Novice: 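Please find one structure pasted underneath; my questions will follow.
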Amino acid sequence: MPEGHTVHRLARTFTTLFDGRPLRVSSPQGRFADGAAVLDGRRLVASEAWGKQFFLGFGEGEPLWLRTHLGLYGAWTFAGAPDAPEVAHAIGAPRRRIGERETTPGGPAAVDPAGHEPWAPPPPRGQVRVRLLGEHAVADLTGPTACEVITGEEKAAVEARLGPDPIRDDADPAAFVAAVGRSRVTVGQQLMDQAVVAGVGNIYRAEALFRAGVDPLRPGRDVPEAVVRAIWDDLVVLMRDGAEHGAIVTTRPEHRTGEPGARRRTRQNTDGNPDAVPADQAFYVYHRDGLPCRVCGTPVLVKELAGRNLFWCPTCQV
DNA sequence: GGGCCATGAGCAT
DNA sequence: TGCTCCTGGCCCG
């Protein structure tokens, strides 16, 4: 569920918690036992996101990379000692409750020679594929669609298949504009194609097309180049904001009205921020089928396209 | 305790 | 286009 903004948050979180530190790597569930053994004891030397792909580099010498992909329901959860940097408790599938940071202080009397409270990580909860343990924090991965150890060369090959990522500084918008413009495939499908643009998922697709006023079923090559470019620029703003705040919010303030009848609520990682935009005010069309469009009042439509639900306003998007 | 669902994607057909 | 895999929360009985 995690769209690209989530993965960039992850990359930052790992840097904060573990950068430069040797890690104990294990697979409590057992399904990654071999890979864990290869990485165990190595130092974390890099933490990178490209779209929904997440890469952790492990030294020494030529780094080996742990490539993970959260898929639809993967998540990382974190716990730390009281002296660990403050990070979100969990990042990934939104069904997870984002509560207070889980701290597990040690016994009251004992203090280790460094002056820190002794700390022991909590037991793994659920199907933990990988556990990364540093001296004052632990990260558990559940439900990934991909989890493997690869070389730098293999990492480059994965990246070569990805389109530009609006959150990355090195992204090339021209590649996106060209890809959309040369294809008859609908722009709705193109936005979900990670080779066209990396990191966009079902929410950003629906919302960016609404904000651009573009019918998702229009062939890419029929969308004016300036409009495609504007979609890119909008994705840059929306996705960087999502990475910063941990939640997708695409509505402008003047369009935010609560909807008691909204059919589903999407929980978001807002770090408990009281100023966070409520989930039922965050989107224009995503999960709002049957509800009136926030701009024109026309009921929002939904249709299954390539196995995913597509949401749009037939009046505002042409 | 069973079925359904989800912000995803690879592969067979 | 249709399977399949990954996990757990929620709804229903």
Side-chain angles (χ1 to χ4, degrees), chain A residues 1-10 27-32 35 49-54 67-77 88-99 124-131 140-148 154 157-159 161-163 165-167 185-186 188-210 216 235 238-239 241-243 245-250 262-270 279-280 282-289 302-311:
Chain A
M1 338 209 121
E3 304 195 17
H5 69 301
T6 299
V7 186
H8 282 268
R9 288 204 112 209
L10 274 177
S27 178
Q29 173 204 56
R31 295 184 51 181
F32 187 64
W50 187 322
K52 299 169 192 169
Q53 301 280 347
F54 180 39
R67 178 182 81 91
T68 59
H69 190 299
L70 292 173
L72 263 176
Y73 27 75
W76 286 93
T77 60
H89 166 51
I91 298 181
R95 64 172 181 279
R96 281 188 177 271
R97 206 166 331 129
I98 312 303
R125 213 181 90 209
Q127 294 293 309
V128 175
R129 187 80 61 87
V130 186
R131 160 164 282 204
D140 286 343
L141 172 65
T142 55
T145 199
C147 178
E148 60 174 355
E154 290 166 329
V158 170
E159 291 172 341
R161 280 186 261 114
L162 295 172
D165 174 351
I167 298 179
V185 174
T186 66
Q189 284 179 270
Q190 300 230 61
L191 283 179
M192 291 285 278
D193 182 346
Q194 301 301 299
V196 172
V197 53
V200 172
N202 208 14
I203 298 181
Y204 281 123
R205 153 174 81 171
E207 297 295 305
L209 288 172
F210 177 88
L235 285 171
L238 292 177
M239 294 177 71
D241 179 81
H245 297 103
I248 302 177
V249 175
T250 62
R263 80 178 156 96
R264 272 173 293 197
R265 210 171 320 137
T266 304
R267 251 191 222 130
Q268 301 200 344
N269 176 3
T270 51
D280 66 345
F283 309 135
Y284 281 107
V285 291
Y286 179 77
H287 271 186
R288 283 180 53 82
D289 48 301
V302 62
K303 163 181 180 155
E304 193 169 311
L305 182 67
R308 307 301 297 279
N309 283 324
L310 173 66
F311 303 88

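Since this is a predicted model, take the numbers as computed values, not measurements. Order of the sequence lines fixes the chain letters, A, B, ..., with proteins taken first and strands second; residue numbering starts at 1 for each chain.
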Novice: For residues His287(A) and Phe311(A), establish whether the separation of their ring centroids is below 6.0 Å.
Specialist: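 Yes.
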Novice: List in chain and number order the residues that pass side chain to side chain contact (heavy atoms under 4.5 Å, CB included) with Arg308(A), two or more places apart in sequence or in another chain; answer none if no residue qualifies.
Specialist: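 Residues passing side chain to side chain contact (heavy atoms under 4.5 Å, CB included) with Arg308(A): Leu72(A), Met192(A), Asn202(A), Arg205(A).
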Novice: For dC4(B) and dT4(C), measure between their P atoms and round to the nearest Å.
Specialist: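 The answer is 15 Å between these two P atoms.
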Novice: Among residues at least two apart in sequence or on other chains, which ones pass side chain to side chain donor-acceptor pair (under 3.5 Å) with Gln189(A)?
Specialist: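 Per chain and number, Gln189(A) pairs via side chain to side chain donor-acceptor pair (under 3.5 Å) with Thr186(A).
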Novice: Report the residues that fulfil side chain to side chain contact (heavy atoms under 4.5 Å, CB included) with Glu159(A), sequence neighbours left out, ordered by chain and then residue number.
Specialist: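 Result, side chain to side chain contact (heavy atoms under 4.5 Å, CB included) vs Glu159(A): Glu48(A), Trp50(A), Phe55(A), Lys155(A).
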Novice: Respond yes when some side-chain nitrogen or oxygen of His287(A) is under 4.0 Å from OP1 or OP2 of dT7(B), and no when none is.
Specialist: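 Yes.
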Novice: For dT7(B), take OP1 and OP2 only and decide whether either is under 4.0 Å from a side-chain N or O of Arg9(A).
Specialist: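 No.
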Novice: Can you sort out the partners of Gln190(A) under side chain to side chain donor-acceptor pair (under 3.5 Å), two or more places apart, ordered by chain and number?
Specialist: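 If we apply the side chain to side chain donor-acceptor pair (under 3.5 Å) test to Gln190(A), skipping adjacent residues, there are no hits.
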Novice: Might you list the N or O atoms of the protein lying below 3.5 Å from N or O atoms in nucleotides 9-13 of chain B, with each pair's distance?
Specialist:
{"unit_1": "dA9(B)", "atom_1": "OP1", "unit_2": "His69(A)", "atom_2": "NE2", "d": "3.3"}
{"unit_1": "dA9(B)", "atom_1": "OP2", "unit_2": "Lys52(A)", "atom_2": "NZ", "d": "3.2"}

Novice: Calculate the interatomic distance between Leu10(A) atom CG and dT7(B) atom P; express it in whole Å.
Specialist: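 Value for this atom pair: 19 Å.
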Novice: By salt bridge (charged side-chain N to carboxylate O under 4.0 Å, His left out), which residues pair with Asp140(A), not counting sequence neighbours?
Specialist: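 By the salt bridge (charged side-chain N to carboxylate O under 4.0 Å, His left out) rule, Asp140(A) matches Arg131(A).
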Novice: Is Tyr286(A) close enough to dT7(B) that one of its side-chain N or O atoms is under 4.0 Å from OP1 or OP2 there?
Specialist: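 For dT7(B), OP1 or OP2 has a side-chain N or O of Tyr286(A) closer than 4.0 Å.
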